[in-house]
Amino acid sequence: MEFSTILLVIIFHRIGFILISIATGVIVMLPHIFQYNEDREFAERTMKILLKVSKLGLYLLVTSGLIRLSYNIPTYITIKLFFATIIIYLYFLYSIPYDDKNYLRKNILRLLIIAITATIGYLI
């Protein structure tokens, strides 16, 4: 592949990472930002929008990640693929309602898995 194509795939991968990281970080902070009951409806709508942004970032990450698998990369990429599979599960198959009593813990777990996956990706 041409160098510019590889660079473009890496840029899309980074954009996806930025989208999912920022959106998840804001989702974690939503209960602290909107503490009053009259803000609850707006917070739930905001959470739905941020989840869509996160999923868009995840789509970018998955598609560009699959393209990057064709490059010459180390064999320990399987660890990153394991964490990426967990992230896909957490966003598409497991939803966290806004009124869940463990909302903060579950979303921090999402954010930590994203950070671990990104750190492994940067080390590769």
Side-chain angles (χ1 to χ4, degrees):
M1 257 188 214
E2 229 177 85
F3 180 71
S4 62
T5 307
I6 294 171
L7 188 60
L8 186 65
V9 169
I10 291 172
I11 288 171
F12 278 124
H13 203 72
R14 298 297 183 249
I15 290 171
F17 169 70
I18 289 169
L19 284 175
I20 195 170
S21 298
I22 292 174
T24 304
V26 174
I27 287 173
V28 168
M29 297 303 296
L30 276 178
H32 299 291
I33 297 170
F34 302 107
Q35 295 178 352
Y36 303 108
N37 285 336
E38 57 267 3
D39 295 337
R40 182 182 177 84
E41 184 180 327
F42 181 73
E44 288 178 354
R45 282 186 288 154
T46 304
M47 186 179 104
K48 289 178 184 177
I49 292 169
L50 289 170
L51 281 173
K52 289 178 183 177
V53 170
S54 295
K55 288 179 181 181
L56 173 68
L58 195 57
Y59 284 132
L60 285 173
L61 284 170
V62 169
T63 54
S64 60
L66 290 174
I67 293 171
R68 289 180 72 188
L69 281 177
S70 65
Y71 302 159
N72 187 15
I73 51 177
T75 55
Y76 55 86
I77 189 73
T78 55
I79 298 169
K80 183 177 178 183
L81 291 175
F82 173 72
F83 282 112
T85 305
I86 292 173
I87 291 171
I88 291 170
Y89 169 75
L90 287 175
Y91 275 97
F92 287 102
L93 302 177
Y94 182 71
S95 64
I96 302 170
Y98 188 76
D99 56 351
D100 189 358
K101 70 177 190 173
N102 292 321
Y103 177 86
L104 186 63
R105 288 182 187 165
K106 291 176 182 178
N107 279 307
I108 287 178
L109 179 67
R110 278 182 176 173
L111 198 57
L112 285 174
I113 292 175
I114 291 169
I116 290 169
T117 307
T119 304
I120 292 170
Y122 285 131
L123 293 175
I124 292 177

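- Here the closest non-hydrogen pair linking Pro97 and Tyr103 is O-CD1, 3.5 Å.
- Between the CD1 atom of Ile33 and the CD1 atom of Ile27 there is a distance of 11.0 Å, given to the nearest 0.5 Å.
- Within the 4.5 Å cutoff, side-chain heavy atoms of Ile87 are placed close to those of Ile20.
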Check your understanding: Would His13 and Leu60 satisfy side-chain contact (heavy atoms from CB on, under 4.5 Å), going step by step from the backbone distance to the final call?
Key -> CA-CA 6 Å; His13 203 72; Leu60 285 173; over 6 Å; no

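- Here Glu44 does not pair with Lys48 in a salt bridge; the nearest charged N to carboxylate O distance is not below 4.0 Å.
- Shortest non-hydrogen contact noted between Gly57 and Leu19 is CA-CB, 3.9 Å.
- The CG atom of Leu109 sits 11.5 Å away from atom CG of Leu104, with the distance rounded to the nearest 0.5 Å.
- Of all heavy-atom pairs spanning Leu111 and Ser21, the tightest one is CD1-O, 4.0 Å.
- Considering CD1 of Ile18 and CG of Leu61, their distance stands at 10.0 Å, rounded to 0.5 Å.
- Taking CG of Leu56 as the reference point, atom CD1 of Ile15 lies at 10.0 Å (rounded to 0.5 Å).
- Across all their heavy atoms, Ser64 and Val9 have their closest contact at O-CG1, 3.5 Å.
- Side-chain contact check for Met47 versus Leu51: some heavy-atom pair is nearer than 4.5 Å.
- No more than 12 heavy-atom neighbours from other residues, nucleotides or ligands sit within 6.0 angstrom of CZ on Arg105.
- Annotation: cation-pi geometry satisfied between Arg110 and Tyr91 (NZ/CZ under 6.0 angstrom from ring centroid, within 45° of ring axis).
- Once rounded to the nearest 0.5 Å, the distance linking CG of Leu8 with CZ of Phe12 reads 5.0 Å.
- The shortest non-hydrogen separation linking Asn107 to Thr24 is O-CG2, 4.2 Å.
- Side-chain contact between Phe42 and Leu30 is absent, with no heavy-atom pair separated by less than 4.5 Å.
- For Phe34, the CZ atom counts as densely surrounded, since its 6.0 Å shell holds more than 12 non-hydrogen atoms of other residues, nucleotides or ligands.
- Rounding to the nearest 0.5 angstrom, the gap separating the OG atom in Ser54 from the CD1 atom in Ile49 is 12.0 Å.
- Atom NZ of Lys52 has 12 or fewer heavy atoms from other residues, nucleotides or ligands within 6.0 Å.
- Considering every non-hydrogen atom in both Ile88 and Leu58, the closest pair reads CA-CD2, 4.0 Å.
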